[in-house]
Undergrad: 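Quick one: the structure is below, and I'll ask about it shortly.
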2 protein chains.
Amino acid sequence: MKISEVAEKAGLTVKAVRYYENVGLIPKPARQQNGYRSYDDSVLPILNLIHRSRAAGFSVDECRELIELFNNPARHSADVHELICQKVEAIEKQQAQLEHIKEHLIALATRCENNEKSTCSILASLTK
Amino acid sequence: MKISEVAEKAGLTVKAVRYYENVGLIPKPARQQNGYRSYDDSVLPILNLIHRSRAAGFSVDECRELIELFNNPARHSADVHELICQKVEAIEKQQAQLEHIKEHLIALATRCENNEKSTCSILASLTK
DNA sequence: CTTGACCTTACTGCAAGGGTAAGGTTTAAG
DNA sequence: CTTAAACCTTACCCTTGCAGTAAGGTCAAG
């Protein structure tokens, strides 16, 4: 398989696949005589893992941890569970922050004159 | 006022103040004979605006829009209101996305064996 | 024979500054 | 008087996760 084929099967771009290789998430593939990367199916689970966990909000470094667990036959499923739970907590923190910010903005907006005049209590509040 | 003083008054770092100058958010200040930046109080409202709107999730470019409104005596407060409301909507979109991701992760976690064995339905699900 | 679709490496760019280098200035203390 | 701390300056690299582009090699079809 050439790179565009694995990329498409995993739902990634060619660029991304090469990037993951560069940062060591996937092993360096064999090369054809012309220098083209030559993949076999064994790389697909890892690329799928990367694709899905990136979409689930994991950083590339966090993907690395997941891949290590995936590659480690002595893993405990509890360790994977732990990673997922940590991510859920991180997301909940983010959500709380966003909620905070949103409430602040809504408070500003409701105090706003919202008309054609230049007097603006939002700007007044933000600049003081 | 020297840079560290304005920075502290606005709750920003010296680095950030210089950065905002470089990208044109604040005017280039006068210089003392030794080359040090010399600020007067008129820059503080703008730095406050930047600080607070950055904290409220606005990008530097969005801050630029707010500053332009602040500097424009012919502005309409409704325009400011509009910017705030757009930001609220963007935040709500982000929240919805995070909620989506979180639910996905929780679904994975609850299906997980969560024990000392290596069998892991999370990894199975993410790699297939 | 040439066009177009692949592939390669390598460099630049994005956001929003932080970190550090290498140097000049000023001020307080010994 | 000197020195050390605490400022200030410009300028460069680092971060994240790739995308875009350059400049070139390769391969199959028309």
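Letters go in sequence order (proteins before strands), and every chain restarts at 1.
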Undergrad: Please state whether the phosphate of dC18(D), meaning OP1 or OP2, lies under 4.0 angstrom from any side-chain nitrogen or oxygen of T13(A).
TA: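 Result: no.
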
Undergrad: So V80(A) and L108(B), do their side chains get closer than 4.5 Å, heavy atoms only?
TA: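 A side-chain contact under 4.5 Å is absent here.
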
Undergrad: When only distance counts, do a donor and an acceptor, one from the side chain of Y20(B) and one from the base of dG17(C), lie under 3.5 Å apart?
TA: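 Absent.
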
Undergrad: Taking atom P of dC7(D) as reference, at what distance in whole Å does atom OH of Y39(B) sit?
TA: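 Nearest whole value for this atom pair: 16 Å.
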
Undergrad: Write down the distance between CZ (F58(A)) and P (dG17(D)), rounded to a whole number of angstrom.
TA: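 Rounded to whole Å, this separation is 13 Å.
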
Undergrad: Name the closest nucleotide to the K15(A) side chain, picking from dT21(D), dC7(D), dG17(C).
TA: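 Taking heavy atoms from C-beta onward, the closest nucleotide is dT21(D).
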
Undergrad: Give a yes or no on whether V17(B) and Y36(B) share a hydrophobic cluster (residues Ile, Leu, Val, Met, Phe, Trp, Tyr; joining criterion: side-chain heavy atoms under 4.5 Å apart).
TA: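 No: no chain of side-chain contacts under 4.5 Å links V17(B) to Y36(B).
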
Undergrad: What integer distance in Å separates D61(B):CG from dA16(C):P?
TA: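 Spelled out: CG on D61(B) to P on dA16(C) is 7 Å.
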
Undergrad: Which is more 5' along DNA chain C, the nucleotide nearest K2(B) or the one nearest R54(B)? Just name the residue.
TA: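 Residue closer to the 5' terminus by nearest nucleotide: R54(B).
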
Undergrad: Could you give the CD-to-C1' distance, from E21(B) to dA16(C), as a whole number of Å?
TA: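 Spelled out: CD on E21(B) to C1' on dA16(C) is 16 Å.
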
Undergrad: Is the charged tip of K2(A) near the ring of Y39(A): under 6.0 Å from the six-membered ring centre and within 45° of its axis?
TA: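 Not satisfied by the 6.0 Å and 45° rule.
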
Undergrad: Could you check whether R37(B) pairs with E21(B) (Lys NZ or Arg NE/NH1/NH2 to Asp/Glu carboxylate O, under 4.0 Å)?
TA: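 Judged by the 4.0 Å cut-off on N to carboxylate O distance, R37(B) and E21(B) do form a salt bridge.
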
Undergrad: List in numerical order all residues of residues 22-34 of chain B for which some heavy atom is under 4.0 Å away from an atom belonging to DNA chain D.
TA: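 Contacting residues: R31(B).
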
Undergrad: Would you say that more than 12 heavy atoms from the other residues, nucleotides or ligands in this model lie under 6.0 Å from the CD of E99(A), or not?
TA: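 Enclosed.
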
Undergrad: Return the nearest nucleotide to the side chain of A16(B); candidates are dT9(C), dA16(C), dG17(C).
TA: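 Of the options given, the side chain of A16(B) lies nearest dG17(C).
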
Undergrad: Please say whether more than 12 non-hydrogen atoms of neighbouring residues, nucleotides or ligands are located less than 6.0 Å from CD in E8(B).
TA: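 12 or below, so no.
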
Undergrad: Could you state the CG-P distance from L47(B) to dG17(C), rounded to the nearest angstrom?
TA: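 About 12 Å, once rounded to whole Å.
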
Undergrad: Can you tell which of dA16(C), dG18(C), dC8(D) lies closest to the side chain of I3(B)?
TA: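 Closest of the options to the side chain of I3(B): dC8(D).
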
Undergrad: Tell me whether the count of non-hydrogen atoms from other residues, nucleotides or ligands lying under 6.0 Å of CD in Q32(A) goes above 12.
TA: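 For Q32(A), atom CD is crowded (more than 12 foreign heavy atoms under 6.0 Å).
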
Undergrad: When we call it a touch if two heavy atoms are under 4.0 Å apart, what does R18(A) touch: a base, just sugar-phosphate, or nothing?
TA: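 Counting heavy atoms under 4.0 Å across all strands, the contact made by R18(A) includes a base.
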
Undergrad: Atom OH of Y19(B) to atom P of dA15(C): distance rounded to whole Å?
TA: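 So the two atoms are 7 Å apart, to the nearest Å.
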
Undergrad: Of the options dA16(C), dC7(D), dT8(C), whose atoms approach the side-chain atoms of S59(B) most closely?
TA: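 So the nucleotide nearest the side chain must be dA16(C).
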
Undergrad: If the cut-off is 4.0 Å, is R37(A) near the phosphate of dT9(C), judged by side-chain N/O to OP1 or OP2?
TA: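 True: R37(A) side-chain N/O within range (under 4.0 Å) of dT9(C) OP1/OP2.
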
Undergrad: Given atom CD1 of I50(B) and atom P of dA16(C), what is their separation to the nearest angstrom?
TA: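 Roughly 12 Å, once rounded to whole Å.
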
